[in-house]
A.B. asks: 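One structure coming up, written as structure tokens, with questions to follow.
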There are 2 protein chains.
Amino acid sequence: MSLLNDIIEKLRTKGCKITPQRRIIIQSLLKLDKFPTALELCNDIRQTNPEIGLDTVYRNLGLLVNMGIVNQINLHGKDTKVFELALGEHHHHLICLNCGTASCLDYCPVDEKELQKTVGLRFEIIGHSLELYGYCQKCKALTSLPQRLK
Amino acid sequence: MSLLNDIIEKLRTKGCKITPQRRIIIQSLLKLDKFPTALELCNDIRQTNPEIGLDTVYRNLGLLVNMGIVNQINLHGKDTKVFELALGEHHHHLICLNCGTASCLDYCPVDEKELQKTVGLRFEIIGHSLELYGYCQKCKALTSLPQRLK
DNA sequence: CTTTCTGCAAAAGCTTTGCAGGGTG
DNA sequence: CACCCTGCAAAGCTTTTGCAGAAAG
């Protein structure tokens with residue numbers, strides 16, 4: 001069974017209706033090889049389906065994030081978020097301070113159980129997010145590196 | 001020497017002018033016992049200095065962040081940021097999914113050197129941010145816990 | 001005196017919402 | 001056929017910017 005169908009099925013189970021727009025939005029997320037912002041995703045979709053509104057994209061991304069099907073990644077300092085399908089294992093992101101692209105790090109150095117011991121009773125840990133900032137291979141090679149981590 | 005003076009001195013060294021507004025903004029940051037948003041900080045300031053503009057607060061927070069005097073914390077999902085003085089050691093934050101308040105965790109489980117080895121040459125790590133999400137002591141005790149980590 | 005900073009106002013994003021019509025189950 | 005979803009348009013928020021005057025060094 002395809003990933004698309006898996007996701008559709010999950011939505012159906014939770015009582016969501018399956019509309020053409022939803023299919024297209026999920027397909028586009030599956031297809032893209034970068035993590036898009038809501039606007040980028042919408043632009044991509046509009047190349048073939050110009051009738052789909054940006055608000056529909058936002059509404060559905062919100063829905064998918066709530067269902068745990070999509071992850072929302074905060075870029076450092078930037079006020080826009082990028083989205084990725086939450087398909088694989090728990091992982092983190094390497095975010096380039098120069099070009100802003102995010103790539104995956106299939107490794108998590110955070111042991112929540114251990115941390116919970118450190119924290120004690122004052123806080124109940126449910127999850128965490130970790131972003132690594134730096135320079136990707138391409139930008140590392142540039143002669144004029146921009147300002148360092150702010 | 002007071003913290004205020006330390007910061008003022010640092011600004012002076014970098015060629016920034018010391019204006020009454022700057023003093024007040026820094027004092028207010030020092031005084032508040034929570035991490036404020038730009039708007040909250042401005043409201044606090046305006047109780048005693050109603051003539052200071054929100055845009056001035058934004059401009060100065062930006063300046064202080066760039067100089068490494070202030071840290072900017074992303075709240076999960078929220079589109080507003082909160083600010084804290086970067087006085088002590090490198091540390092992270094516990095962010096309550098219910099009430100949204102952030103508290104400090106004086107411990108960092110992330111070994112950047114070790115991570116750099118894992119990542120290899122494809123990315124040069126400069127820094128990282130880690131936020132822990134969950135419920136604070138107060139909200140943990142509530143009978144009706146809200147939805148879990150989105 | 002020169003340069004930086006402020007306050008005002010307006011603009012500029014990104015994201016959300018009200019509403020009426022249309023599609024899904 | 002009831003309810004959910006879409007598209008449109010407008011509004012809402014946070015944050016940024018242009019500009020002229022004021023202040024700091």
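Every value quoted in this text rests on a predicted model; they were computed, and no experiment measured them. Residue numbering restarts at 1 for every chain, and letters A, B, ... go by the order of the sequence lines.
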A.B. asks: Both B:Thr56 and B:Gly15 contact DNA chain C. Taking the nearest nucleotide for each, which residue is further toward the 5' end?
C.D. replies: B:Gly15
A.B. asks: First locate atom OG of B:Ser28, then atom CZ of B:Arg46, and finally report the distance between them rounded to the nearest 0.5 Å.
C.D. replies: 12.5 Å
A.B. asks: Per the side-chain hydrogen bond (donor to acceptor under 3.5 Å, both in side chains) rule, which among A:His91, A:Gln72, A:Lys34 passes with A:Glu84?
C.D. replies: A:His91
A.B. asks: Considering non-hydrogen atoms only, spot the tightest contact between B:Cys104 and A:Arg122 and give its length.
C.D. replies: O-NH2, 2.6 Å
A.B. asks: Please report, rounded to the nearest Å, how far the P atom of C:dT15 is from the CG atom of A:Asn60.
C.D. replies: 15 Å
A.B. asks: Let me see the working for A:Lys138 and A:Cys96 under side-chain contact (heavy atoms from CB on, under 4.5 Å), right down to the final yes or no.
C.D. replies: CA-CA 10 Å; A:Lys138 235 182 258 174; A:Cys96 181; over 6 Å; no
A.B. asks: Kindly list each side-chain donor-acceptor pair under 3.5 angstrom involving residues 49-59 of chain B, sequence neighbours excluded, with atom names and distances?
C.D. replies:
none

A.B. asks: Tell me: CD1 of B:Ile45 to P of C:dG7, nearest whole Å?
C.D. replies: 10 Å
A.B. asks: How close or far is atom C1' of C:dT15 from atom NZ of B:Lys81, stated in whole angstroms?
C.D. replies: 13 Å
A.B. asks: Take B:Leu39 and B:Cys16, find for each the nucleotide of DNA chain D with the closest heavy atom, and name the residue whose nucleotide sits nearer the 5' end.
C.D. replies: B:Leu39
A.B. asks: State plainly whether one hydrophobic cluster holds both B:Leu61 and B:Leu4, where clusters connect Ile, Leu, Val, Met, Phe, Trp and Tyr through side-chain heavy atoms under 4.5 angstrom apart.
C.D. replies: yes
A.B. asks: Atom CD1 of B:Ile45 and atom CG of B:Leu32: how far apart are they, to the nearest 0.5 Å?
C.D. replies: 8.5 Å
A.B. asks: Nearest 0.5 angstrom please: A:Leu30 CG to A:Ile7 CD1, how far?
C.D. replies: 5.0 Å
A.B. asks: Measure from CZ on A:Arg22 to P on C:dG22 and round the result to the nearest Å.
C.D. replies: 19 Å
A.B. asks: OP1 or OP2 of C:dG23 versus the side-chain N and O atoms of A:Gln21: is any pair under 4.0 Å?
C.D. replies: no
A.B. asks: So, is B:Thr19 near the phosphate of C:dT6, with a side-chain N or O under 4.0 Å from OP1 or OP2?
C.D. replies: yes
A.B. asks: So for B:Lys17 and C:dT4, does any side-chain atom that can act as donor or acceptor lie under 3.5 Å from a complementary atom in the base?
C.D. replies: no
A.B. asks: Five pairs at each end of the helix from C:dC1-D:dG25 to C:dG25-D:dC1: take the axis at both ends and give me the angle between them to 10°.
C.D. replies: 40°
A.B. asks: Take the protein atom CZ of A:Arg12 and the nucleotide atom P of C:dT24, then report the distance between them rounded to whole Å.
C.D. replies: 12 Å
A.B. asks: Report yes if at least one side-chain N or O of A:Tyr58 is closer than 4.0 Å to OP1 or OP2 of C:dT15; otherwise report no.
C.D. replies: yes
A.B. asks: Separation of A:Ile8 atom CD1 from C:dT24 atom C1', in whole Å?
C.D. replies: 13 Å
A.B. asks: To the nearest 0.5 Å, how far apart are CD in A:Gln116 and CD in A:Glu114?
C.D. replies: 11.0 Å
A.B. asks: Could you state the atom-to-atom distance from CD1 of B:Ile18 to P of C:dT6 in whole Å?
C.D. replies: 10 Å
A.B. asks: Need two values: the first and the last nucleotide of DNA chain D, 5' to 3', having an atom under 4.0 Å from any heavy-atom of chain A.
C.D. replies: D:dC3 to D:dA9
A.B. asks: Using a heavy-atom cut-off of 4.0 Å across all strands, would you classify B:Arg59 as base, sugar-phosphate, or nothing?
C.D. replies: base
A.B. asks: As an exercise, state the distance from CD1 of A:Ile95 to SG of A:Cys136, rounded to the nearest 0.5 Å.
C.D. replies: 12.0 Å
A.B. asks: For B:Leu54, report the nucleic acid contact type (base, sugar-phosphate, nothing); a contact means any heavy atom under 4.0 Å.
C.D. replies: base
